S.K.: 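For reference, the structure I am asking about is given below.
First listed ligand is number 1; within each ligand, the first listed atom is number 1. Keep in mind it's a predicted model, so treat the numbers as computed, not measured.
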Amino acid sequence: MSTYADIVFATAVRQPFTYSLPADLLEKAQVGKRVWVPLQKHKAIGMIVNIHNKEPEFNTRNVQQVLDEKPVLSQEMLQLTRWIYRFYYCGWGEAIQAALPLGLNFYAEKYLRAVTEAVPDYLDDHEKEIIEEITGQSSYQLKEAQKRWGDKVIDKLVGQKLLEIREEPVTKMDPRTDKLWSWTDKLSVKEIHEFISEHKESDKFYKWIQALELLTELGLPEFQKELTTHELLEHYTLQRIAKEELIEAKEVEANNISLKLDHDPTQINTLNDEQLDAFAEIESALDRDAFANFLLFGVTGSGKTEVYIHALKKALEQGKGGLVLVPEIGLTPQIVKRFYTIFGDEIAVLHSRLTNRERYDAWRALQKGEKRIAIGARSAVFAPIQNLGIIIIDEEHDSSYKQEDPAPRYHGRDVAIMRAHINDAVAVMGSATPSMVTLHGAKKEKSTLLTLTERPFEASMPEVEVLDLKQYRSAMKGPVTIPLFEATKEAVERGEQAIFLYNRRGFSSYIQCETCGDIPECPNCSVSLTFHKSKKQLRCHYCGYSQYQPRHCRECGNESVVPQGSGTQQLEEEVADLFPNAETLRMDFDTTSGKDAHANILKAFGRKEADILVGTQIVGKGLDFPDVTVVGVIDADTELAFPSFRSGERMYQLLSQVAGRSGRAGKAGKVYFQTWQPDHPAIQAAQEHDFKSFARQELAYRKMLQYPPYSRIIRFAFKGKKEWLVQKVAEAFTESLITTLGKSEAVLGPSPAAIAKMQNHYRWETFIKISPDNGATAIERLVDATFDHYDQHKPKGASSIRINVNVDALE
Ligand code: ADP
Ligand code: ZN
């Protein structure tokens with residue numbers, strides 16, 4: 001009798017591969033451990049998901065090595081990833097890949113080795129040189145060789161069997177450290193101040209002394225990474241001060257936040273009555289040790305975070321662990337600090353800037369139970385918290401919870417809820433603007449609604465003025481209406497700040513009438529049409545409807561229809577011209593591509609290095625600036641131009657977030673919406689801060705058109721280099737979908753994707769709407785059956801076209 005292991009790899013292949021376990025590995029092999037096995041012509045790292053005695057009908061190959069001493073994937077994660085790969089229809093290995101930190105990942109490095117020492121004569125000198133060079137080394141990284149000599153010649157030499165590719169698992173990690181600067185004891189604080197003022201009076205107020213002054217204001221110790229966000233504090237300036245022996249640096253691990261934050265559990269606030277009511281429900285669910293799901297609904301500033309903190313504290317008292325999920329952009333130092341103050345070193349912060357080493361260390365600390373709380377964005381949903389008791393999903397409506405690419409295309413919130421289920425834990429979703437799906441779920445008692453209605457420290461919400469762009473057409477200063485212009489000018493003169501928000505997506509283009517503001521819509525789908533410049537066409541990317549670019553506006557008949565979709569850069573320049581005495585800062589996808597760029601811009605604005613911040617919708621999130629008294633949304637309704645049935649919801653979320661943030665610290669703030677559609681329900685509801693009325697209208701609209709939450713949408717995306725073949729595959733697959741579903745009404749498409757060509761790959765897509773009650777089993781059965789049918793009917797050459805499945809692509 002022999003024993004077999006079912007092994008999965010980080011690929012889209014959905015069936016596990018069966019291998020034999022040689023006698024000497026039988027004891028060591030265990031579910032949840034990684035192995036090194038032959039795969040096709042190479043070797044690869046895989047994960048054991050099952051061990052059994054069922055002899056397969058084919059010849060099996062041997063597991064070569066068991067890589068882990070202990071399982072790296074717990075039973076819980078095995079169960080969770082199993083649900084993910086079935087529900088989101090991807091490879092189990094892909095789901096596991098997402099669930100493990102990089103340091104433990106399915107990662108192999110490729111090396112080159114010379115097969116023969118005798119260099120054949122038929123090679124040219126260049127090739128001979130390469131062989132000789134590689135022969136001289138025991139191994140040579142493939143990547144390095146390709147970089148140095150180019151792919152082509154390396155491929156050729158491998159093809160001629162003169163070089164051989166060998167793979168080895170990588171387990172090493174490089175720690176990341178940063179300089180932590182602190183004061184020396186050469187001078188006292190007082191003496192430093194005296195030193196600075198002496199120079200200030202003289203003409204010797206050098207840059208490094210100015211920098212020194214800034215350091216006294218900022219306070220040390222502080223990480224170099226933080227300090228150098230200030231213009232004055234460049235690396236060499238710090239070195240210059242260090243030369244005077246006033247400050248010194250030591251290398252420490254960069255994620256060691258405890259060096260800097262204060263831990264003081266007594267600072268926990270006493271909850272008010274409303275918060276207590278909400279907390280009591282969560283508390284009793286925790287006491288029951290059973291799954292429960294809550295929606296904590298309350299405007300920004302209503303004290304949701306305080307409720308989270310109390311709930312976490314309760315869970316810890318019960319000996320349980322907790323997970324806090326926040327949107328990527330919401331993972332700010334302020335929020336971490338609030339949790340840190342109460343829970344101190346119990347917390348592991350998992351953010352995207354961690355190095356492999358840091359992530360691995362955080363992971364291990366959680367796994368060993370040294371830390372019991374994890375805070376992080378989407379992927380932290382997999383953090384190996386022991387005895388998990390509570391999961392908090394803040395801003396549950398945020399679209400950054402959905403992973404688009406690569407697979408698994410999971411929704412962090414829904415995975416979190418499943419994880420709570422598996423652990424008999426409590427899930428708490430929080431939002432001021434719940435997604436329609438979550439709201440509807442609460443109505444159907446899938447979750448319990450808890451509401452906070454007041455703001456503990458603020459009497460009222462900021463006043464919102466809606467400015468009709470049709471009316472102000474002749475009263476504009478550049479992109480800004482006169483009332484917003486005046487308000488901004490006055491605010492800047494008073495030393496206050498303003499934010500201008502362009503709700504504009506760089507990539508989506510559409511056409512709009514300059515006279516009446518109309519944006520053409522699809523007659524079948526109630527979404528705006530996308531403008532395809534090269535073909536002068538308007539297209540619906542849901543149903544494929546198309547028409548030629550009209551010359552006349554369908555509403556007012558004027559010949560004033562123009563393509564839209566310009567950049568924030570130009571708008572920033574216009575704003576800078578309008579307010580010559582104000583400093584402006586810009587934040588959009590261009591300026592925020594760097595790792596810390598986003599945070600740095602916000603920090604600079606917070607330090608009042610600029611008077612006006614101009615940005616896209618990413619500015620709308622995580623804003624809490626006490627001196628901002630004017631917020632202007634320059635084009636409040638362009639979200640509606642984005643071809644999605646969710647545009648209304650997104651627009652409301654954005655506007656209400658903006659409206660909710662301004663003037664938080666007590667100064668009267670005012671918010672301006674410039675819009676072509678002052679009567680749009682989302683604009684009106686946001687002006688009134690009336691989520692319920694918005695939700696009522698939005699749900700009615702969704703129901704009428706059978707959009708989520710009244711359906712579940714699956715997107716099938718087709719991608720390839722030959723446009724005609726992509727289309728053919730999309731059509732064949734769509735036929736298979738119709739056959740499998742037994743009806744065509746629920747199938748939308750195929751049609752070109754909104755971005756029809758990306759990196760020279762053509763993209764088509766088909767959507768299906770199925771009942772929202774369909775779970776993993778139904779989805780798996782449906783998609784499996786579709787692929788089976790498609791495999792019988794696919795066109796020639798179809799294997800070059802990638803087909804991606806995205807479950808709950810839109811909700
Ligand atoms: P939300 O998470 O809903 O945006 P927060 O929890 O951040 O709201 O609360 C807003 C502000 O009010 C915070 O500064 C918070 O510390 C304070 N706060 C909320 N509830 C209380 C309370 N019960 N006692 C004292 N301060 C509170
Ligand atoms: Zn359509």
S.K.: Backbone, side chain, both or neither: what part of V299 comes under 4.0 angstrom of ligand 1, heavy atoms only?
M.R.: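 It is the backbone that gets close, since no side chain atom is under 4.0 Å.
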S.K.: I'd like to check E395 versus P327 (side-chain heavy atoms, cut-off strictly below 4.5 Å). Are they in contact?
M.R.: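 In contact.
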S.K.: Distance under 4.0 Å to a non-hydrogen atom of N272: what atoms of ligand 1 satisfy this?
M.R.: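 Result: 23 (N).
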S.K.: I'd like to check which ligand 1 atoms, numbered from 1 as shown, lie under 4.0 Å from a non-hydrogen atom of T270.
M.R.: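 Reading through ligand 1 atom by atom, the close ones are 22 (C), 23 (N), 24 (N).
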S.K.: Decide if the gap between the ring center of Y88 and the ring center of H411 is smaller than 6.0 angstrom.
M.R.: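 No, too far apart.
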S.K.: Return the set of residues passing side-chain contact (heavy atoms from CB on, under 4.5 Å) with A285 (not counting sequence neighbours), or none when no residue passes.
M.R.: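 Expected list: R288, A292, F294, V426.
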S.K.: Output yes when the distance from some N or O of ligand 1 to some N or O of R338 is under 3.5 Å, and no in every other case.
M.R.: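 Indeed, backbone or side chain, R338 has an N or O that close.
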S.K.: Do D414 and D808 have side-chain heavy atoms sitting under 4.5 Å apart?
M.R.: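 They are in contact (side-chain heavy atoms under 4.5 Å apart), so the answer is yes.
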S.K.: Sequence neighbours excluded, which residues qualify as side-chain contact (heavy atoms from CB on, under 4.5 Å) partners of Q697?
M.R.: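 Q697 satisfies side-chain contact (heavy atoms from CB on, under 4.5 Å) with P681, S693 once adjacent residues are dropped.
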S.K.: Distance under 4.0 Å to a non-hydrogen atom of N269: what atoms of ligand 1 satisfy this?
M.R.: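 Listed by number with element: 16 (O), 22 (C), 24 (N), 25 (C), 26 (N), 27 (C).
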S.K.: Are side-chain heavy atoms of H689 and S656 found at a separation under 4.5 Å?
M.R.: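 SC-SC contact between H689 and S656 ruled out.
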S.K.: Which of the atoms in ligand 1, numbered in the order shown and given with their element, are less than 4.0 Å from a heavy-atom of S302?
M.R.: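 Counting from 1, the qualifying ligand atoms are 3 (O), 8 (O).
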S.K.: Enumerate the atoms of ligand 1 whose separation from the nearest heavy atom of G303 is less than 4.0 angstrom.
M.R.: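 It comes down to these atoms of ligand 1: 1 (P), 3 (O), 5 (P), 6 (O), 8 (O), 9 (O), 19 (C).
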S.K.: For a 4.5 angstrom cut-off between non-hydrogen side-chain atoms, does M436 reach F694?
M.R.: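 M436 vs F694: side chains touch.
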S.K.: Who's closest to atom 21 (C) of ligand 1 heavy-atom-wise, of E395, E306, Q267?
M.R.: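 Going through E395, E306, Q267 one by one, E306 has the nearest heavy atom to atom 21 (C) of ligand 1.
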S.K.: Do any nitrogen or oxygen atoms of G298 lie less than 3.5 angstrom from nitrogen or oxygen atoms of ligand 1?
M.R.: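 Checking ligand 1 against G298, no N or O pair falls under 3.5 Å apart.
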S.K.: Heavy-atom contacts with T300 under 4.0 Å: which atoms of ligand 1 show up? List them by number with element.
M.R.: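 Answer for ligand 1: 4 (O).
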